[in-house]
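The structure appears right after this line, and notes come after that.
Every heavy atom of this structure was used, including side-chain atoms; hydrogens, water molecules and symmetry mates were not. In this text, all values refer to a predicted model and were calculated from it rather than measured experimentally.
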Amino acid sequence: MLLDRLNGFISLLSRLLSHSRSNPVNAAMSAAVDSDGITHRTITSEGIALHVAEKGTGAAILFIHGFPELWYSWRHQILALSSLGFRTIAPDMRGYGGSDAPREAREYTYCHVVGDLIAVLDELGVEEKVFVVGHDWGAAVAWQLCLIRPDRVKALVNLSVAFSPRNRARRPMDALRFLYGDDYYMCRCQVPGEIEAEIEEAGGPNKVLRKFFAYRHPGPLYLPKGALKETVPLPEWLTEEDFAYYCKEFERTGFTGGLNYYRVMNLNWEIMAPWTGAEVKLPVKFIVGDLDLTYCMPGVKDYIHKGGMKKDVPFLQEVIILDGVGHFLQQEKPDEINKHIHDFIKKF
């Protein structure tokens with residue numbers, strides 16, 4: 001069984017590394033334009049339909065969202081940076097929104113989702129290297145994109161999640177369970193269907209989305225049974241109208257696709273063994289809020305500020321810590337983030 005799985009991933013990786021740029025899809029006929037002038041279309045990657053939002057012309061910026069988010073999490077950046085002369089591209093990652101959501105967790109590995117992103121660029125006819133901006137799981141995927149396909153990336157602006165070098169001695173989910181216990185939110189996601197049933201019992205997307213978006217405590221997020229039934233107010237940066245869009249999408253799709261990213265953390269660790277010790281050798285800017293739970297995980301601040309990250313990301317050019325800002329910084333402080341992104345990528 002292990003050999004079969006290994007052969008399957010070798011085949012997947014081979015397709016990922018050899019994906020042709022020569023067949024851009026003629027998607028214009030199926031494209032729709034919304035009231036903000038954002039074009040929406042669907043492309044296909046290895047049989048998976050992916051919804052993509054894009055606006056503007058010029059050098060391309062690929063935006064990669066995290067959990068529990070959508071292409072819509074980049075709405076402020078799409079409008080601002082397209083107006084400054086860039087082609088902004090923001091897919092719904094597989095498992096989210098208008099994209100297909102395979103049920104099996106093993107279909108959400110880094111090789112699968114990086115392959116999706118390469119397919120998006122190819123099918124949209126993007127031949128030049130792109131700027132990449134990632135957040136949360138999107139940032140984690142962006143780091144891997146830069147390791148696996150650096151030939152497609154010009155520079156990276158990553159938000160919230162610092163680079164995490166692979167540790168041969170430590171499976172990530174095992175380490176998190178040891179450190180935080182079974183009620184830590186990532187650990188609570190591991191059994192397929194379990195947390196989904198609790199979300200449904202608690203009243204659906206409304207409450208769980210509120211809990212995640214409103215979280216500003218610079219410490220670990222715990223989700224003991226029953227915690228999802230609590231109702232918390234929306235953060236000031238999120239309007240009722242915007243929140244309704246998230247709720248509508250997750251009511252339609254459920255959360256299994258997004259949760260599957262957490263369920264393959266140990267599998268990703270296995271798959272990425274060949275990149276142990278590899279450095280991200282691209283220009284990088286990293287931005288995080290000081291109230292972000294990811295910034296406050298044990299060892300992360302020292303890794304960022306005492307040379308560890310610079311060693312693994314030798315072309316790291318800027319580290320920005322935003323005071324009083326939480327996890328969803330591109331939505332909480334859109335003007336600041338837009339300026340930080342533009343100030344960095346305009347150098348190139």
Side-chain angles (χ1 to χ4, degrees), residues 56 58-66 69 73-74 76-90 117 128-165 216 218 237 278-297 299-348:
I61 308 173
L62 176 65
F63 292 96
I64 314 174
H65 73 78
E69 297 181 276
S73 302
W74 300 110
H76 305 295
Q77 287 69 45
I78 290 172
L79 296 178
L81 290 159
S82 63
S83 73
L84 293 171
F86 293 91
R87 182 183 183 184
T88 57
I89 302 169
L117 297 174
E128 299 297 322
K129 293 183 178 182
V130 299
F131 298 109
V132 176
V133 182
H135 171 252
D136 186 79
W137 263 108
V141 171
W143 291 120
Q144 307 309 314
L145 170 62
C146 291
L147 286 176
I148 298 171
R149 293 300 304 267
D151 59 305
R152 302 304 298 270
V153 181
K154 185 177 296 184
L156 170 67
V157 179
N158 248 356
L159 314 179
S160 182
V161 176
F163 183 67
S164 181
R216 292 177 63 81
W237 51 262
E279 299 174 349
V280 176
K281 294 184 176 181
L282 292 163
V284 174
K285 181 173 187 173
F286 179 69
I287 311 172
V288 66
D290 67 347
L291 298 181
D292 193 324
L293 73 169
T294 64
Y295 181 58
C296 299
M297 294 178 72
V300 171
K301 291 181 182 179
D302 282 349
Y303 174 69
I304 292 173
H305 298 294
K306 294 186 177 181
M309 189 161 149
K310 180 66 174 177
K311 178 178 178 296
D312 295 324
V313 187
F315 302 122
L316 176 66
Q317 297 188 10
E318 296 181 64
V319 172
I320 306 296
I321 312 300
L322 300 179
D323 294 337
V325 178
H327 182 66
F328 298 95
L329 62 173
Q330 82 274 35
Q331 298 183 75
E332 182 178 348
K333 296 291 183 181
D335 292 342
E336 288 185 46
I337 295 301
N338 294 343
K339 187 175 188 305
H340 276 300
I341 294 171
H342 185 243
D343 286 349
F344 184 66
I345 65 177
K346 70 181 182 182
K347 300 175 183 179
F348 306 93

Worksheet entry | Heavy-atom side-chain proximity of H342 to F86 below 4.5 angstrom | yes

Closest heavy-atom pair, K129 versus V153, reported as atoms and distance to 0.1 Å, is CD-O, 3.6 Å

One should read off an interatomic distance between L147 CG and E279 CD, to the nearest 0.5 angstrom, of 10.0 Å

Open item on the list: Are V133 and F344 packed together at the side-chain level, in the sense that at least one heavy-atom pair is separated by less than 4.5 angstrom?
Closed with: no

**Report entry** K285 side-chain N/O to I341 backbone N/O, donor-acceptor pair under 3.5 Å
**Finding:** no

- Query: Are H135 and F328 close enough that some pair of their side-chain heavy atoms sits under 4.5 Å apart?
  - Reply: yes

Has T294 got a side-chain atom pairing as donor or acceptor with S160's backbone, closer than 3.5 angstrom?
yes

Open item on the list: Within the structure provided, determine whether V157 and V132 are in side-chain contact (heavy-atom separation under 4.5 Å).
Closed with: no

- With side chains defined as the heavy atoms from C-beta onward, is the minimum distance between W237 and P334 less than 4.5 Å? no

Value for CZ (R152) from CD (E128), rounded to nearest 0.5 Å, stands at 10.0 Å

Take atom NZ of K306 as the centre, draw a 6.0 Å sphere, and report whether it contains more than 12 heavy atoms from other residues, nucleotides or ligands. no

Looking only at heavy atoms, the pair that brings C146 and L156 closest together is SG-CD2, 3.9 Å

Polar contact flag, side-chain donor to acceptor under 3.5 angstrom, H327-D136 = yes

> Do S73 and Q330 come close enough that some side-chain heavy atom pair is under 4.5 Å?
Replying inline: yes

- [ ] Output, in order, the C-alpha distance, side-chain angles, deciding distance and verdict of side chain to side chain contact (heavy atoms under 4.5 Å, CB included) for I337 and L322.
- [x] CA-CA 10 Å; I337 295 301; L322 300 179; 3.9 Å; yes

For W143 and V161, the nearest pair of non-hydrogen atoms, with its separation, is NE1-O, 2.9 Å

- Message: Before you tell me yes or no, could you show the steps for L84 and K346 under side chain to side chain contact (heavy atoms under 4.5 Å, CB included), namely the whole-Å CA-CA distance, both residues' side-chain angles and the distance that decides it to 0.1 Å?
- Response: CA-CA 10 Å; L84 293 171; K346 70 181 182 182; over 6 Å; no

Residues L81 and F63: closest non-hydrogen pair is CD1-CZ, 3.8 Å

In this structure, CG of L117 is separated from CD1 of I64 (nearest 0.5 Å) by 4.5 Å

When every non-hydrogen atom of V325 is compared with those of K333, the smallest separation belongs to CG2-CG, 3.9 Å

Note, D312 side chain near V280 side chain (heavy atom, < 4.5 Å): no

Subject >> E318 and H340 side chains, donor-acceptor separation under 3.5 Å >> reply: no

Open item on the list: Does any part of the side chain of N158, heavy atoms only, come nearer than 4.5 Å to the side chain of F163, both counted from C-beta?
Closed with: no

NZ of K154 to CD1 of I61, rounded to nearest 0.5 Å, is 10.0 Å

Distance col, row L329:CG vs Q331:CD, nearest 0.5 angstrom, shows 9.5 Å

The reported gap from CZ in R216 to CG in D292 (rounded to nearest 0.5 angstrom) is 10.0 Å

Determine whether W74 and T88 satisfy the following criterion, side chain to side chain contact (heavy atoms under 4.5 Å, CB included), listing intermediate values before the conclusion.
CA-CA 10 Å; W74 300 110; T88 57; over 6 Å; no

Heavy atoms of P314 and K281 approach each other most closely as CG-CG, 4.1 Å

